[in-house]
Amino acid sequence: MARHYQLKRTTGGSGIDYPAALNAEQYAAVSSPPGKALVIAGAGSGKTRTLTYRVAWLLDQGVESRGVLLLTFTNKAAREMVGRVRELVARDTSDLWAGTFHSIGSRILRRHAEDIGFTRSFSIMDRDDQRSMLSKVVAACEIDTRNRRFPRGDVLASMFSLVENTGLSLEEVVAGKHPGLYDWLAELEQVRQGYIERKRASNSMDFDDLLVLMVRLFEARPDLLALYQKRFRHVLVDEYQDTNTVQSRMIDLLAGDGGSLMAVGDDAQSIYSWRGADMGHILGFRQRYPDARVFTIETNYRSVPEILELSNEAIRANVGRIEKDLRAARESAGVKPGLVVLEDPRTQAMFVAQRMEELRDTGIALGEMAVLYRAHFQSLEIQMELTMRGVPFAITSGLRFFEQAHIKDVAAFLRFVANRRDEESFLRMVELLPGCGPVAASKLWREWLDTGWAAREDLPQRWSEVLLGFRKVPKKSAKHWAQLCYTMDELSPNGFHAKPGEMIFSVLEGVYKEYLEASFDNSEARQADLEQMSGFAGSFENIGDFLEQLSLLGSVDGEPGADEEEDRATLSSIHQAKGLEWKVVFVIGLVEGQFPNSRVVAADDLSLLEEERRLFYVALTRAKDELYLTYPLTNPKSYTDEVMCQPSRFLDDFPPEMVEEWDVGAAGWDDDGPF
C-alpha cells in the first residue's frame, strides 16, 4: 500500500494590508472568492491597481503563479502589471503568463502547431509581409485590372481581418465597409482563399491566425484544452469591453465551467466596434455566466467633481449601459467646464492656442494640456495656429496633417503645376496610376522634358494636347493616364494664380477618389481630410501663397531632431487618447456631422450613435482640472461654400447650468491698434 504524502504550498505572504491599500469597492473585487466575476471599473477609478492587487491577493492565498493567466490588449499594459505585481510580492513570478491575446496565442501554438498543419517554426507575418503575400496571390489569380483598380494589400488585409474577428461573411464586410468594391466580391473571395492556402503552404501565420487557429485547436482537441484549463485556474482579462468574437471565445474556452475568471472593463468606454469589438460581451456577461458576481468601482481619482458630474450626465442618455455614477475623490475646484462657441475653425484654433499660452503663463506645463477631436482633419487649423505662435506640440493621432501620404499625393499635383521642373512631384503624381512604377514614371518624366514645356514660362492652352501623345505610357495605365491629362486641364487655366481650393477639389474628383478607395482601409477619413484641405485652401488667393504656407509648415512638421524632453501640448484623436489624462483638455469641433460623425448620423443606427456618445464620454473623462468644449458656428465645406454648423446633440445631454458659457470677442484693430 502506497504511503500518502501531501506537498505544502509556500505562500510567502507579501504582508500587504489590502483594506488599507484599496478603497472598499476595489477591496471587494480583489478579495472575492474564486469563480466568475465582472468588474465594472469606471474612468479614473484604479482599474490597473485592482487587477494587479488581485494577482497579488491570489498569490498570497497560495495560488501558484503558473496558475494565473493575465490577458491584455497591449504589451505595455502587460509589462506594467507584471512589474507592479513583482513590487508587491516577494516571490518569483517568472512562470506567470501575462501578455496580449496574440502573444499568448502564439505561445500556445508554438507548442502544438503540428496539430493544425503547421510546424513549430512557423513565421508570424507583419503588415508588410501580408501586403507582399497578398500582391502575389492577386497576381496568381490573374484578375483583370485593366479598366478598374483592384484594392491594395492594406485594404485586403483589413477586410479579411474583419471577417476573421467578427464572424461576418466577406460579403457583409464589403457591403458595410467598402461598398465601392462590391463588384469585386467574387474576385475578393478568390484572393481570400488563395491567401489562406499560401499562408499554410509557406508555414506562415498573420496576427489574426494566432487567435483564430488557437480557438480552432482547442475546439478540435478538448483533451488539450482540458490541460490548459487545469493549469490556468485563474484567468484575468483587462479592457474586457474591447474584446471581439474570437477573443471572447478564447476567454470562454480557457476559463471553462470550473475555472475562475475576472473580467475588468468599462462599458462606457467601449469605442472600437469599427475594428470588431463587441460591447455585447460585457453587457451579456451575466447571461453567459449566471452565477457571476458583479463589482462596480465608482470612485474616481482623476477629475474634479464639476467634470465628473458632467460626464455622468452625458453618458446617462445611452440606453445600452450598465448603471453607475462616478464619484469624485477630489475636492471641488470651483470652476465649471467651459462651453465656447466660436465663429469658425480658425477662430476656434486662435482661442485654443491663446488659452494654452495663458495657462502656461500661470505655471501649467504644455505637457499637461491636450486638444482632442473626433477626426484627424479637425486638427488642421489647430496645428497651423500653434505652429505660427511657436507653441510646441506632439500628435498622437497620426502624422501631422501635411505629412500624410494622401495630402502629399494631392499636393504633388499643385506643386507640379506651379513648378513644371519639379521631378519629385511629377513622379509622385504619375506613380499613382495602376501599372506605372518608378521605371515607367521615369520614362514619362524624360518624355515630358523632351516636350520643352518644363523650361517655358507660359503654359499650354490644354495640357491634354501635350500629354495624351506620350508614347511611354504603360498599357495598363492608358485609361487612367487619359483621366489624369483631362484633370490637368482643369488645374491650371490661370497658371500660378489658379485657385488652390478648386484645384484640390478637381484632383479629388477627377483621379484621386478612386485611388483612395482601392488603396486605404480608412478611405472615408482620408477623403474628409482632403475636403477639409480644399476648404482651408479656399482662403488663399493663389496657388503660390498656399504652397508657400505648406512649405513653411512642412519644414517644422518633421522635427527629426526635436528634444524629446521639450514641454509640448498633445493633439490627439479621442480614440488614441483613451487611457490617458491631462490637467487641461480642449474638446473641439462639437458640431453635428463631425461629432457625431456624419456617417453615424446618416445611418440612423442607435447602437452607432451610442458608441459616438461613449466616445464623447471618453473625451470628457480625460480632463483632471479644466475642460473646454468648443465648436464653430460656420465651417468651410469645400472651396466653394461655407456651411452653418449645428451644435452637437451631445451638448443637449446635460443641463446648461453644468457649464460656463464663454463669450469670446473677435480679434481686430481700431484706429489706435489692436482691441
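All of these numbers come straight from a predicted model, not from anything done at the bench. Worth knowing before you read on, the calculation uses all heavy atoms, side chains too, and leaves out hydrogens, waters and symmetry mates.
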(message) Can you confirm whether F207 is buried at CZ, in the sense that more than 12 heavy atoms of other residues, nucleotides or ligands lie under 6.0 Å from that atom?
(response) no
(request) Kindly indicate whether the side chain of L22, heavy atoms from C-beta on, has any atom under 4.5 Å from the side chain of V30. (result) yes
(request) Check whether any side-chain N or O of T621 sits under 3.5 Å from a backbone N or O of Y617 as a donor-acceptor pair, and report yes or no. (result) yes
(request) Scan for side-chain hydrogen bond (donor to acceptor under 3.5 Å, both in side chains) pairs involving residues 69-83, sequence neighbours excluded, and state none if there are none. (result) E80-R84
(message) Treating Q241 as the side-chain partner and D266 as the backbone partner, does any N or O pair qualify as donor plus acceptor under 3.5 Å?
(response) yes
(message) Using ring pair (Phe, Tyr, Trp, His ring centres under 6.0 Å), reason through Y18 and Y27 one step at a time and then give a plain yes or no.
(response) CA-CA 7 Å; Y18 288 93; Y27 178 67; 7.1 Å; no
(request) Give a yes or no answer on whether the side chain of R568 reaches the backbone of L366 with a donor-acceptor pair at less than 3.5 Å. (result) no
(message) Closer than 4.0 angstrom, basic N to acidic O: yes or no for D605 and R599?
(response) no
(request) Please list, chain by chain and in numerical order, all residues satisfying side-chain contact (heavy atoms from CB on, under 4.5 Å) with A528, sequence neighbours excluded. (result) F377
(message) Between the side chains of D267 and K324, is the shortest nitrogen-to-carboxylate-oxygen separation below 4.0 Å, so that they form an ion pair?
(response) yes
(message) Tell me if the CG atom of D17 is crowded by more than 12 foreign heavy atoms within 6.0 Å.
(response) yes
(request) Indicate whether any N or O donor in one side chain lies under 3.5 Å from an N or O acceptor in the other, for D529 and H406. (result) yes
(request) Quick one: sort the Y272 and H575 rings into parallel, tilted or perpendicular, breaks at 30° and 60°. (result) tilted
(message) Counting C-beta onward and ignoring hydrogens, is there a side-chain heavy-atom pair between V600 and N597 closer than 4.5 Å?
(response) yes
(message) Tell me every residue that passes side-chain contact (heavy atoms from CB on, under 4.5 Å) with A28, counting only those two or more places apart in sequence or in another chain.
(response) F295
(request) Could you tell me whether a side-chain N or O of S572 sits under 3.5 Å from a main-chain N or O of T570, the two making a donor and an acceptor? (result) no
(message) Check whether R107 reaches the backbone of H102 with its side chain - one donor and one acceptor, N or O, closer than 3.5 Å.
(response) no
